[in-house]
Amino acid sequence: MDISQDFSSRLEQLKNIIQADKSFDIVYRIVEIGGRKGCLFFVDGMTKDEVLLKILQVFQGIKPESMPEDAHSFSKKCIPYGEIGLITDTSTLITQLLTGITCMMIDGYDSFLTIDCRTYPARGVSEPEKDKVMRGSRDGFVETLIFNTALIRRRIRDPKLVMEIMNAGESSHTDIAVCYMQGRVDKNLLEKIKQRISSVQVDALTMNQESLAECIYPHKWYNPFPKFKFSERPDAAAASLLEGNIVILVDNSPAAMILPSSIFDIIEEADDYYFPPITGTYLRLSRMTISILTLILTPLWLAFLQSPDSIPSWLDFIRLSDPPHVPVFYQLLLLEFAIDGLRLAAINTPSMLTTPLSVIAGIVLGEYSVKSGWFSSETMLYMAFVTVANYSQASFELGYALKFMRIIMLVLTAFFHWYGFWAGLILAVLAIIFNRTIAGKSYIYPLIPFQFNEVKKRFFRQRLPHKQK
């Protein structure tokens with residue numbers, strides 16, 4: 001915008017760009033400041049009214065003879081507020097305005113002034129529904145970026161904690177905070193991540209973090225095992241930062257993206273550290289064991305049923321009590337999809353009806369499906385265990401990865417019996433082994449490459465190290 005234009009021309013040009021006369025929520029307020037014309041632009045509902053009112057009261061007391069000659073001097077002498085900025089580029093000004101920052105232009109000044117008195121509609125920082133703990137903090141991330149950074153900063157009061165702000169999306173200009181501990185983070189990985197974020201060419205991050213994850217790591221989509229760890233807990237994010245990881249926060253998303261993440265990072269939970277070492281170790285090993293069981297239980301059972309002679313005497317109880325009307329393979333496959341259908345139905349069911357409908361669905365599908373001959377009681381039992389056990393870890397991505405590999409194992413076992421079972425198991429193991437973190441390192445470190453001391457830390461909860469004064 002040309003500063004040589006008079007105030008009215010500049011004002012009309014800016015109003016036309018932001019369509020202030022069409023959009024009811026973009027407000028402009030023409031005022032007189034020290035004998036000069038001025039105009040304030042802000043978005044209704046995203047500005048603290050009481051702060052703006054006090055600033056306007058100060059402007060009314062400015063006399064023409066005390067009016068500074070430039071915008072920089074004006075910001076220091078005449079605006080009693082902390083977060084003030086100067087902008088000369090119009091496109092940057094519009095982006096700042098649409099993020100909620102109040103912008104001001106004054107006749108005769110070559111810069112726009114920005115006053116960051118934003119406020120956002122936000123919910124309370126209550127405990128997240130998914131990442132619950134039996135003991136520990138009860139706060140969680142929300143959809144407001146500045147609240148999330150404050151929750152982390154409250155836990156790490158160290159000047160080495162750096163939070164760099166970036167944005168992506170030509171239309172959305174979504175704010176992205178890259179958080180790391182200086183001196184602990186992998187500098188090469190940090191520069192790579194920042195470069196990928198800055199080079200993202202998308203119209204908008206419509207799906208928040210998932211859209212960003214696909215943009216900064218677009219390779220090997222066919223491997224279902226997750227490359228990132230997502231957490232809605234600020235204590236987990238703070239602990240990851242202290243371990244040298246990078247935490248990415250995206251505005252409008254109530255979760256932190258933690259990277260690089262191996263499979264052991266994804267399986268870990270906050271409860272492991274909120275209990276004594278022996279209890280934390282038990283919880284961690286139980287979670288790992290149950291995750292393995294969810295992968296192999298139903299394919300292993302199917303393999304035994306297809307080869308009855310291979311069932312040892314001490315496992316005779318796994319045999320079917322009655323001849324099935326529907327082959328066991330089709331029963332297991334139908335239940336895999338039916339469980340996802342029930343899960344989607346539970347998500348879309350109003351909360352007041354979730355419990356009664358869940359009870360009804362359990363009775364109908366559990367009892368009557370067995371009586372009708374569609375499913376065997378043993379099939380229902382093993383699939384019920386797999387379904388419940390899948391919630392022993394918090395990562396949805398890991399749960400579905402195990403589900404996809406389990407279905408592949410079921411299909412291979414159905415067609416090739418024991419050979420198919422072992423082939424499917426080897427395929428699942430190879431998918432984990434040959435997967436790579438975003439840093440290009442082993443997905444199962446410290447097993448490959450093997451580091452004994454790190455293996456102990458991954459499998460056994462150890463006491464926190466204490467520094468002697």
Side-chain angles (χ1 to χ4, degrees), residues 1-3 5 7 10-31 33 37-56 59 70-76 78-122 143-150 163-178 194 197-198 200 202-205 208 212 249-253:
M1 189 176 294
D2 189 1
I3 188 61
Q5 295 177 323
F7 177 81
R10 297 169 63 200
L11 177 61
E12 288 300 322
Q13 184 178 349
L14 187 56
K15 284 169 55 181
N16 290 333
I17 294 175
I18 63 176
Q19 303 188 59
D21 293 328
K22 294 181 180 180
S23 300
F24 77 94
D25 59 331
I26 298 180
V27 183
Y28 64 95
R29 174 79 162 84
I30 298 176
V31 295
I33 306 171
K37 291 181 180 179
C39 185
L40 288 163
F41 291 90
F42 57 92
V43 179
D44 193 13
M46 298 176 69
T47 302
K48 297 176 183 177
D49 296 335
E50 62 277 7
V51 174
L52 197 58
L53 175 61
K54 291 181 180 180
I55 293 175
L56 288 173
F59 289 165
D70 57 82
H72 180 67
S73 301
F74 181 86
S75 66
K76 293 195 297 182
C78 302
I79 304 181
Y81 194 69
E83 299 179 70
I84 305 297
L86 297 175
I87 295 177
T88 56
D89 181 57
T90 305
S91 60
T92 305
L93 171 78
I94 293 170
T95 302
Q96 295 285 322
L97 172 62
L98 296 178
T99 60
I101 293 178
T102 300
C103 301
M104 182 172 63
M105 58 183 294
I106 300 176
D107 189 15
Y109 288 168
D110 60 351
S111 300
F112 297 96
L113 293 103
T114 60
I115 307 170
D116 192 354
C117 53
R118 288 177 289 184
T119 183
Y120 292 116
E143 289 76 10
T144 307
L145 179 63
I146 194 66
F147 289 1
N148 295 340
T149 56
M163 297 184 177
E164 296 189 30
I165 191 70
M166 307 179 72
N167 65 74
E170 296 179 6
S171 296
S172 64
H173 294 284
T174 305
D175 289 328
I176 301 169
V178 180
K194 290 164 60 177
I197 293 176
S198 61
V200 168
V202 293
D203 185 59
L205 296 180
N208 296 330
L212 180 64
L249 302 171
V250 180
D251 196 21
N252 299 313
S253 177

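Note that the structure is predicted; figures quoted are calculated from it, not measured.
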Only one of V43, I87, T114, L113 forms a side chain to side chain contact (heavy atoms under 4.5 Å, CB included) with C103, so which one is it?
T114
Pairing residues for K37 by the salt bridge (charged side-chain N to carboxylate O under 4.0 Å, His left out) criterion, not counting sequence neighbours:
none
Indicate yes or no for a side-chain donor-acceptor contact from D251 to the backbone of L145 under 3.5 Å, with no hydrogens or angles considered.
yes
Residue pair I30 / L11, side-chain heavy-atom distance below 4.5 Å:
yes
Start with the C-alpha gap between L249 and F147, add the side-chain angles, then the distance that decides, and say whether side-chain contact (heavy atoms from CB on, under 4.5 Å) holds.
CA-CA 11 Å; L249 302 171; F147 289 1; over 6 Å; no
Counting neighbours of CG on L56 that are heavy atoms of other residues, nucleotides or ligands and sit closer than 6.0 Å, is the number greater than 12?
yes
side-chain contact (heavy atoms from CB on, under 4.5 Å) with D49: which residues, sequence neighbours excluded?
none
Do you see a donor-acceptor pair shorter than 3.5 Å between the side chains of S171 and D203?
yes
Between Q13 and R10, does the side-chain contact (heavy atoms from CB on, under 4.5 Å) criterion hold? Intermediate values first, please.
CA-CA 5 Å; Q13 184 178 349; R10 297 169 63 200; 5.7 Å; no
Partners of D116 by salt bridge (charged side-chain N to carboxylate O under 4.0 Å, His left out), sequence neighbours excluded?
R118
I94 CD1 to L14 CG distance, which is reported to the nearest 0.5 Å:
6.0 Å
Distance (rounded to the nearest 0.5 Å) between D70 CG and L86 CG
9.0 Å
Close side-chain approach of F59 and I79, heavy atoms under 4.5 Å:
yes
With C117 as partner, the option from V51, I55, I101 fulfilling side chain to side chain contact (heavy atoms under 4.5 Å, CB included) is V51
